[in-house]
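As structure tokens, the structure follows; a few thoughts come after it.
Values in this document were obtained by computation on a predicted structure and should not be read as measured data.
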Amino acid sequence: MALDFTAVDFETANGFIGSACSVGLVKVRSGKIVETEQWLMQPPAGFDHFDPRNVSIHHITPDMVSAAPRVTDKIPQLLEFIGSDVLVAHNSSFDSGVIRAASEAGEVAVPEIAHLCTVKLSRKAYDLPSYSLPFVAEEAGHPIENHHEALADAEACAWAMIDMSLRSAQPSVLETADHYGVRLSLTQAWQPGDDLSRATRDAQGWLAAGNPLPPQDAFSNWPQEGPNPKPSENADPSHPLFGQIMVFTGNLSMPRPKAKELAAEHGAQTASRVTRATTALVVGDGFVPEDLATGRLTNKAKHVLRLREKGQRVSIISEGEFMQMVGGFGLTA
């Protein structure tokens, strides 16, 4: 078996996971990049507003996509590019979810999608302070020059998959996943008339309530910890948050108890303070992984770095990364 797969990265316009405005696609054959594509797209009709926070991340504006086709019109071409490949992405449940939710919004049928997450793989293959894509790409020997540019991120993900396969001495995506004990995931097929995913139902409810943007005063109050709910028994074991012992620090764009509920829904056990059991810390206050190099960190984040110096495997996650893992920006604020 050869190391064949397609890597993908989406950028979205707003809190709805299906609001894709850009995509990067990278086809790999026998461990080599052989073809790439990148498109700007209009999000699905009715879900096409641009949240200022999303724009601040990827710098794509409504004017830039005004003449582009809608993502729903590009889905057949996207699926043709992927073909029968396993879809590889950094938090693949998000990127496969983009395809599913955009298809639902545009009432376009989509087949079952097999996908593999390089976040979960990298946690097994590397020992890093953060498993955000810039850190993983640098460890793989291919630093990202334009993070959040869809093709650059898809290429970085492809190189990381190639590097982890080489380190494991495994010849294929499936054998590499087996080596690291990471399961392949499946996003179910959908066609018009089938039940909608929770992401689409939530987005429809959010818009119907007249809330196209998150609250502007989201950062006005110091966060309250709230209870630590039990991890969901129905959580997907292949999700990047499954099995994590997770702590939150700093102001988030939603109440911290709600963030804890979202983490628990995806199989994480939340806690209120950093201990030797902690495996992940989500940092608010506009933190980005690059802040690890500048020292702009909360006390909890500094504690995590001290634990890492003592050999504890614990990672630091930005709010943006966390929100992508749980399916969007601000919809549940």
Inset, instruction - Answer yes or no: is there an ion pair linking Glu265 with Lys260, defined by an N-O contact shorter than 4.0 Å? - result: no
Inset, instruction - Using the side chain to side chain donor-acceptor pair (under 3.5 Å) rule, take Glu149 and Gln38 through it: C-alpha gap first, then chi angles, then the decisive distance, then the call. - result: CA-CA 10 Å; Glu149 190 265 339; Gln38 179 172 231; 2.9 Å; yes
Legend entry - Minimum heavy-atom distance between Val119 and Asn91, given as atom pair plus value: CG2-N, 3.4 Å
Legend entry - Pairwise distance CZ(Arg29) to OG1(Thr6) - rounded to 0.5 angstrom: 5.5 Å
Legend entry - Derivation and outcome, side chain to side chain contact (heavy atoms under 4.5 Å, CB included), residues Phe5 and Ile162: CA-CA 10 Å; Phe5 63 91; Ile162 292 168; 4.2 Å; yes
Inset, instruction - Could you tell me whether the side chain of Val282 reaches within less than 4.5 Å of the side chain of Met246, counting heavy atoms only? - result: yes
Legend entry - Single-linkage hydrophobic cluster Leu307~Val247, side-chain heavy atoms < 4.5 angstrom: yes
Inset, instruction - Could you tell me whether a side-chain N or O of Gln42 sits under 3.5 Å from a main-chain N or O of Ala68, the two making a donor and an acceptor? - result: yes
Inset, instruction - Quick one: closest heavy-atom pair of Cys21 and Ala13, and the distance? - result: SG-N, 4.0 Å
Legend entry - salt_bridge(Glu261, Lys258) N-O dist < 4.0 Å: yes
Legend entry - Main-chain N/O of Arg276 paired with Gln312 side-chain donor or acceptor, under 3.5 Å: yes
Inset, instruction - Using atom types as modelled and distance alone, determine if a side-chain donor or acceptor of Ser66 lies under 3.5 Å from a backbone N or O of Asp63. - result: yes
Legend entry - Side chains of Glu104 and Thr200, donor plus acceptor under 3.5 Å: yes
Inset, instruction - Fit a plane to each ring of Trp159 and His142, take the angle between them on a 0 to 90° scale, and name the class: parallel (under 30°), tilted (30 to 60°) or perpendicular (over 60°). - result: parallel
Inset, instruction - Please answer whether the main-chain N or O of Leu196 pairs with a side-chain N or O of Arg201 as donor and acceptor at a distance below 3.5 Å. - result: yes
Legend entry - Ion pair Asp4/Lys32, N-O distance below 4.0 Å: no
Legend entry - Donor on one side chain, acceptor on other, His115 and Thr187, under 3.5 Å: yes
Legend entry - Under 3.5 Å side-chain donor-acceptor pair for Tyr126 and Asp163: yes
Inset, instruction - Any chance you could measure Gln324, atom CD, to Ile317, atom CD1, to the nearest 0.5 Å? - result: 11.5 Å
Legend entry - Gap separating the CG atom of Asp48 from the OG atom of Ser19, nearest 0.5 angstrom: 9.5 Å
Inset, instruction - Is it possible for you to check whether Lys120 lies under 6.0 Å from the centre of the six-membered ring of Tyr180, through NZ or CZ, and within 45° of that ring's axis? - result: no
Inset, instruction - Give a yes or no on this: more than 12 heavy atoms of other residues, nucleotides or ligands lie within 6.0 Å of atom CD of Gln188. - result: no
Inset, instruction - Using the side chain to side chain donor-acceptor pair (under 3.5 Å) rule, take Asn228 and Ser272 through it: C-alpha gap first, then chi angles, then the decisive distance, then the call. - result: CA-CA 8 Å; Asn228 292 300; Ser272 299; 3.1 Å; yes
Legend entry - Any His49 side-chain heavy atom under 4.5 Å of Pro43 side chain: no
Legend entry - Atom pair CG/CG of Leu241 and Asp236 - distance to nearest 0.5 Å: 11.0 Å
Legend entry - Residue pair Arg70 / Asp73, side-chain heavy-atom distance below 4.5 Å: yes
Inset, instruction - Treat each ILVMFWY residue as a node, draw an edge where side-chain heavy atoms are under 4.5 Å apart, and state whether Ile144 and Ile316 are in one component. - result: no
Inset, instruction - Output yes when a side-chain donor or acceptor of Asp153 lies under 3.5 Å from a complementary backbone atom of His148, and no otherwise. - result: yes
Legend entry - Side chains of Cys157 and Val88 in contact at under 4.5 Å (non-hydrogen atoms): yes
Inset, instruction - Please assess Ser315 against Arg123 for the test side chain to side chain contact (heavy atoms under 4.5 Å, CB included), listing each intermediate value before the final yes or no. - result: CA-CA 9 Å; Ser315 61; Arg123 283 179 175 155; 4.1 Å; yes
Inset, instruction - Assess whether side chain to side chain contact (heavy atoms under 4.5 Å, CB included) is satisfied between Phe50 and Val65, documenting all intermediate values. - result: CA-CA 11 Å; Phe50 276 69; Val65 304; 3.8 Å; yes
Inset, instruction - For His90 and Tyr131, indicate whether the former's side chain and the latter's backbone hold a donor-acceptor pair under 3.5 Å. - result: yes
Legend entry - Modelled atom types, side-chain donor and acceptor of Trp39 and Glu37, under 3.5 Å: yes
Legend entry - Between Thr176 and Asp178: side-chain donor-acceptor atoms closer than 3.5 Å: no
Legend entry - Residue pair Leu79 / Pro111, side-chain heavy-atom distance below 4.5 Å: yes
Legend entry - Heavy-atom donor-acceptor pair, Thr118 side chain to Leu121 backbone, under 3.5 Å: no
Inset, instruction - Hey, can you tell me if His239 and His266 have their rings parallel, tilted or perpendicular (30° and 60° cut-offs)? - result: tilted
Legend entry - Distance-minimising heavy-atom pair for Pro257 and Gly226: CG-CA, 3.9 Å
Legend entry - Ser93 versus Ser96, closest heavy-atom pair with distance: O-OG, 3.4 Å
Inset, instruction - Taking the side chain as every heavy atom from C-beta outward, state whether Met254 and Met323 have any pair of such atoms under 4.5 Å apart. - result: yes
Inset, instruction - Say whether Val326 and Leu133 are linked into one hydrophobic cluster, either directly or through other cluster members, by side-chain heavy-atom distances under 4.5 angstrom. - result: no
Inset, instruction - Apply side chain to side chain contact (heavy atoms under 4.5 Å, CB included) to the pair Asn14 and Thr12, showing each step before the final yes or no. - result: CA-CA 6 Å; Asn14 55 66; Thr12 54; over 6 Å; no
Inset, instruction - Treating Ile, Leu, Val, Met, Phe, Trp and Tyr as nodes and any side-chain heavy-atom pair under 4.5 angstrom as an edge, say whether Leu186 and Leu116 lie in one connected cluster. - result: no
Inset, instruction - Please check if the side chain of Arg100 supplies one atom and the backbone of Ile113 the other of a donor-acceptor pair under 3.5 Å. - result: no
Legend entry - Non-hydrogen side-chain atoms of Ile99 and Leu78 separated by less than 4.5 Å: yes
Legend entry - Step-by-step ring pair (Phe, Tyr, Trp, His ring centres under 6.0 Å) determination, Phe10 to Phe94: CA-CA 9 Å; Phe10 284 100; Phe94 173 82; 7.7 Å; no
Legend entry - Which atom of Ser22 lies closest to which atom of Ala150, heavy atoms considered: OG-CB, 3.5 Å
Inset, instruction - Rounded to the nearest 0.5 Å, what's the gap from OG1 on Thr278 to CD on Gln269? Could you check? - result: 11.0 Å
Legend entry - Connected via hydrophobic side-chain network under 4.5 Å: Phe248 and Phe242: no
Legend entry - Residues, nucleotides or ligands: over 12 heavy atoms within 6.0 Å of Glu35 CD: yes
Inset, instruction - Rounded to the nearest 0.5 Å, what's the gap from CG on Leu184 to OG on Ser238? Could you check? - result: 8.5 Å
Inset, instruction - List the atom of Gly18, the atom of Ala102, and the distance in Å for their closest heavy-atom pair. - result: O-CB, 3.5 Å
Legend entry - Backbone of Phe81 reached by a side-chain donor or acceptor of Lys27 within 3.5 Å: yes
Inset, instruction - Take atom CD of Glu138 as the centre, draw a 6.0 Å sphere, and report whether it contains more than 12 heavy atoms from other residues, nucleotides or ligands. - result: no
Legend entry - Thr279 side chain to Ile245 backbone, donor-acceptor under 3.5 Å: yes
